[in-house]
Amino acid sequence: MKAMVLNKPGTPLVWTELPDRQPGPGEVRVKVLACGVCRTDLHVFDGELPNPKSPIIPGHEIVGRIDAIGSNVSDLQLGERVGIPWLGHTCGVCYYCKAHRENLCDAPLFTGYTRDGGFATAVIADARFAFPLGETGSDVSLAPLLCAGLIGWRSLEIAGDGKRLGIYGFGAAGHIVAQVAKWQGREVFAFTRPGDTGTQEFARSLGVTWAGGSDEMPPGPLDAAIIYATVGDLVPVALKVVRKGGRVVCAGIHMSDIPSFPYDILWEERELLSVANLTRQDGIDFLGLVPKMGIVVKTTVYPLEQANQALDDLRAGRFDGAAVLVP
């Protein structure tokens, strides 16, 4: 197998040939067909997340086909197309797992961070966290749904059922969630970097009610706001635009420090919440609805060996939507 390997945080990924790997008990080997490039991959690359596996193969928005099956796996088949997400393993015995909150497991493994991921031609996965995808949709269009879509879905659920939804950061997750929210009958208000008229126009092309800079006020108070940008300064900004009793959801795995803010923008029962990972039920619920939603994922495709360029373009905001690597 071949892979783009991160040998040390902050250094370029290295094109590496590795021995083929065999799945162990409860595992499958998946031939990678496409792997999305997520902002979390940048956090891994930059060393912003603690205790990574090193060296590590990044990538956790994986679409592929099973080409080897370990023992004790009975519900997946050779040749089946599956998706492998960020949460790659849970212990099953801690308080959170037993309470059906496995996304908060005390001893998890994360794909592309603490177990090798999909910036490769093949990956070994815990069979419990390999979602059957069926044959509808292209490999490239499905890949971003395995994180941007799934975390977006969980953040949307946590945001509640309010009809007027703000989205801060209109990248991979933002443009997917905007479409899901519209399918649910909500109004969407898209906030971008100040002056980013190109992304604002992209948001309008997806049918949002309003698009503007994060330094602007929307036309009227919102029921909820989700922050996908990794900028802590946006938290008090978002609190100011939600109504009394409204919610602000921080959806990133990493965010810069949140500045102090006056209590009166939190008062009146506004809520500030965060999202951590996903559960398998999130995956089942969301992926089961995807064929009905008509989501159009805007993608920029890169060959696997150009993963460094894809990460650099993501950091610089050189494309709308999501980047996807193809072996």
R128 atom CZ: more than 12 heavy-atom contacts under 6.0 Å:
yes

Would you say V37 and V324 make side-chain contact, with heavy atoms under 4.5 Å?
no

Looking only at non-hydrogen atoms, find the nearest pair between I253 and T40 and report the distance.
CG2-OG1, 3.6 Å

Spell out, as yes or no, whether a donor-acceptor pair under 3.5 Å connects the side chain of T299 to the backbone of S141.
no

When rounded to the nearest 0.5 angstrom, what is the spacing between CG in L6 and CG in L311?
9.5 Å

Any chance the side chains of D282 and W153 put a donor and an acceptor closer than 3.5 Å?
no

Are R65 and E135 ion-paired here, with the side-chain N under 4.0 Å from a carboxylate O?
yes

Say whether L289 and V188 are linked into one hydrophobic cluster, either directly or through other cluster members, by side-chain heavy-atom distances under 4.5 angstrom.
yes

Before giving the answer on side-chain contact (heavy atoms from CB on, under 4.5 Å), spell out for D313 and F319 the whole-Å C-alpha distance, their side-chain angles and the decisive distance to 0.1 Å.
CA-CA 7 Å; D313 289 348; F319 54 79; 3.8 Å; yes

Pairwise distance CD1(I226) to SG(C250) - rounded to 0.5 angstrom
10.5 Å

N/O donor-acceptor pair under 3.5 Å between E80 side chain and P132 backbone
no

Does D41 reach the side chain of C38, with side-chain heavy atoms less than 4.5 Å apart?
yes

Working to the nearest 0.5 angstrom, can you tell me the gap between M255 CE and Y228 OH?
11.5 Å

For the pair R270 (side chain) and G245 (backbone), establish whether a donor and an acceptor sit closer than 3.5 Å, ignoring hydrogens and angles.
no

Least distance between heavy atoms, F170 atom then A190 atom
CD1-CB, 3.7 Å

Within the 4.5 Å heavy-atom criterion, are V241 and P221 side-chain neighbours or not?
no

Give me the atom names and distance for the closest heavy-atom approach of H60 to C35.
N-SG, 4.0 Å

Hydrophobic cluster membership, V231 vs F191, 4.5 Å side-chain cutoff
yes

Examine distances only and state if a side-chain atom of E216 and a backbone atom of G213 form a donor-acceptor pair shorter than 3.5 Å.
yes

Any donor-acceptor pair under 3.5 Å linking the side-chain atoms of Q200 with those of T192?
yes

Heavy-atom pair of closest approach, residues V32 and A120
CB-O, 3.3 Å

Residues N103 and Y96: side-chain donor-acceptor under 3.5 angstrom:
no

Non-hydrogen side-chain atoms of P58 and F45 separated by less than 4.5 Å
no

CD1-CE distance between I57 and M1, expressed to the nearest 0.5 angstrom
4.0 Å

Note: R154-E157 ion pair, threshold 4.0 Å (strictly below)
no

Pair L78-I69, side-chain contact (heavy atoms from CB on, under 4.5 Å): steps then yes or no:
CA-CA 7 Å; L78 286 173; I69 299 178; 4.0 Å; yes

side-chain contact (heavy atoms from CB on, under 4.5 Å) between V30 and D67: does it pass, once the steps are laid out?
CA-CA 6 Å; V30 175; D67 71 352; over 6 Å; no

Paired with H175, the side chain to side chain contact (heavy atoms under 4.5 Å, CB included) test is passed by just one of D320, V296, V297, namely V297

More than 12 heavy atoms of other residues, nucleotides or ligands under 6.0 Å from CD of E269: yes or no?
no

If you compare all heavy atoms of P144 against all heavy atoms of A322, which two are closest, and at what distance to 0.1 Å?
CG-CB, 3.7 Å

Is the shortest side-chain heavy-atom distance between N7 and V14 below 4.5 Å?
yes

Is there a side-chain contact between L165 and F189, using heavy atoms and a 4.5 Å cut-off?
no

Charged tip of R115 within 45° of F110 ring normal and under 6.0 Å:
no

Please determine whether residues M293 and L156 belong to a single hydrophobic cluster, defined as Ile, Leu, Val, Met, Phe, Trp and Tyr linked transitively by side-chain heavy-atom distances below 4.5 Å.
yes

Between C147 and P85, is there a side-chain heavy-atom distance shorter than 4.5 Å?
no

Quick check for you: to the nearest 0.5 Å, what is the distance between I151 atom CD1 and N277 atom CG?
6.0 Å

Salt-bridge present (D312, R318; N to O < 4.0 Å)
yes

Give a yes or no on whether D161 atom CG has more than 12 heavy-atom contacts from other residues, nucleotides or ligands under 6.0 Å away.
no

Could you list all the salt bridge (charged side-chain N to carboxylate O under 4.0 Å, His left out) pairs where at least one residue sits in residues 6-25, not counting sequence neighbours?
R21-D116

Validate the cation-pi geometry between K53 and Y113: distance from NZ or CZ to the six-membered ring centre under 6.0 Å, angle to the ring axis within 45°.
no

Which pairs pass salt bridge (charged side-chain N to carboxylate O under 4.0 Å, His left out) with one or both residues in residues 239-251, sequence neighbours excluded?
D223-R243, R247-E271

How long is the gap from CG on D285 to CG on L278, to the nearest 0.5 Å?
11.0 Å

Any donor-acceptor pair under 3.5 Å linking the side-chain atoms of H254 with those of R39?
no

Presence of salt bridge, D46 and R315, under 4.0 angstrom:
yes

Would you say R204 has more than 12 foreign heavy atoms packed within less than 6.0 Å of its CZ?
yes

Should E27 and R29 count as an ion pair when the cut-off is N to O under 4.0 Å?
no

Run the side-chain contact (heavy atoms from CB on, under 4.5 Å) check on V248 and L273 step by step: do they pass?
CA-CA 6 Å; V248 172; L273 305 158; over 6 Å; no

Counterpart residues, side chain to side chain donor-acceptor pair (under 3.5 Å), relative to T90 (two or more places apart)
none

Is any side-chain heavy atom of V123 less than 4.5 Å from a side-chain heavy atom of I84?
yes

Report whether L13 and V326 are members of the same hydrophobic cluster (ILVMFWY, side-chain heavy atoms less than 4.5 Å apart, transitive linking).
no

D257 atom CG, over 12 foreign heavy atoms within 6.0 Å:
no

T121 side chain to K2 main-chain N or O, any donor-acceptor pair under 3.5 Å?
yes

If two hydrophobic side chains count as joined below 4.5 Å and joins carry through other members, does I265 share a cluster with L222?
yes

Quick check: W15 with F119 (ring centres under 6.0 Å apart)?
no

Ignoring hydrogens and geometry, is there a side-chain-to-backbone donor-acceptor pair from T16 to M4 under 3.5 Å?
no

Identify the two heavy atoms, one from Q179 and one from G294, that lie closest to each other, and give their separation to 0.1 Å.
OE1-O, 4.1 Å

